[in-house]
Enquirer: 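I have a structure I would like to understand better, so I am pasting it below and will then ask my questions one at a time.
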Amino acid sequence: MAENTYPCPCFSGKRYTECCELIHKGKTKVLDVEQVVRARYTAFCYGEIGYLIDTLHPRKRRLGDSFSLSKRIKKTRWIGLKIIGSEREDDIVSYVDFVAFRIEQGMIAQQHERSRFSFINDKWFYFDGEELPPIKLERNEPCFCGSGKKFKKCHETLPGKLEAM
Ligand SMILES: [Zn+2]
Ligand SMILES: [Zn+2]
């Protein structure tokens with residue numbers, strides 16, 4: 001399903017084939033938990049359901065995951081990702097604070113989450129996430145969509161739920 005688009009939706013600046021595709025296909029090992037968040041975000045953009053389930057903690061997998069994921073993927077248009085930071089609690093637990101941006105009924109909406117990941121056998125697994133209130137974006141910061149423009153000159157001009165929250 002994935003296309004060879006440029007750049008990779010995770011904003012690494014690399015091509016998808018040289019970036020998240022290698023991760024999705026299991027050709028490269030990822031020890032950096034933030035990279036897992038980026039690759040999962042790209043998987044949501046490209047419908048790489050296999051990778052999403054593969055990086056889901058075994059205890060969190062449910063029958064019908066693939067169906068509900070594909071339904072969610074089809075109805076969501078992701079437009080940006082901003083990783084705020086990560087925090088390692090101990091050998092097996094890390095948290096990543098990020099915001100994923102999507103278009104919903106013509107408006108920008110945020111999914112701000114603090115995700116918990118478990119490290120098992122040299123691999124990070126998404127365990128669960130705590131939903132956080134939307135963040136306030138600085139007008140002069142680079143826009144989350146990866147355009148390279150300032151937020152005020154880019155997506156701020158689109159009606160959004162950003163200001164209100
Ligand atoms: Zn990537
Ligand atoms: Zn933008």
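Below, all heavy atoms of this structure are taken into account, side chains as well, without hydrogens, waters or symmetry copies. One-based numbering along the sequence shown. For ligands, and for the atoms within them, numbers begin at 1 and follow the listed sequence.
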Enquirer: Rounded to 10°, how big is the angle at the Zn ion (ligand 2) from Cys145 SG to Cys143 SG?
Expert: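 Value, to the nearest 10 degrees: 110°.
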Enquirer: Minimum heavy-atom separation for Ser86 to Glu34, with atom names?
Expert: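 Scanning both residues completely, I find the closest heavy atoms to be OG-OE2, 2.8 Å.
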Enquirer: Please list every donor-acceptor pair under 3.5 Å in which a side-chain atom of residues 117-130 meets a protein atom from a residue at least two apart or in another chain.
Expert:
unit_1: Asp122; atom_1: OD2; unit_2: Lys29; atom_2: NZ; d: 3.0
unit_1: Lys123; atom_1: NZ; unit_2: Asp54; atom_2: OD2; d: 2.9
unit_1: Trp124; atom_1: NE1; unit_2: Leu31; atom_2: O; d: 2.8
unit_1: Tyr126; atom_1: OH; unit_2: Glu113; atom_2: OE2; d: 2.8
unit_1: Tyr126; atom_1: OH; unit_2: Gly129; atom_2: N; d: 3.3
unit_1: Asp128; atom_1: OD1; unit_2: Arg116; atom_2: NE; d: 2.9
unit_1: Asp128; atom_1: OD1; unit_2: Arg116; atom_2: NH2; d: 3.3
unit_1: Asp128; atom_1: OD2; unit_2: Arg116; atom_2: NH2; d: 2.8

Enquirer: Run the numbers on Arg139 and Glu156 for salt bridge (charged side-chain N to carboxylate O under 4.0 Å, His left out), then give the verdict.
Expert: CA-CA 8 Å; Arg139 300 193 67 223; Glu156 197 193 37; 3.0 Å; yes
Enquirer: Starting from the Zn ion (ligand 2), look over the N/O/S atoms of His155 and name the nearest one.
Expert: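 This residue's closest N, O or S atom turns out to be ND1.
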Enquirer: If you look at every heavy atom in Cys45 and Trp78, which pair is closest and at what distance?
Expert: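 Closest approach of Cys45 to Trp78: SG-CB, 3.9 Å.
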Enquirer: To check your reading of the site, what angle at the Zn ion (ligand 1) do SG of Cys10 and SG of Cys19 form, to 10°?
Expert: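 Nearest ten degrees: 100°.
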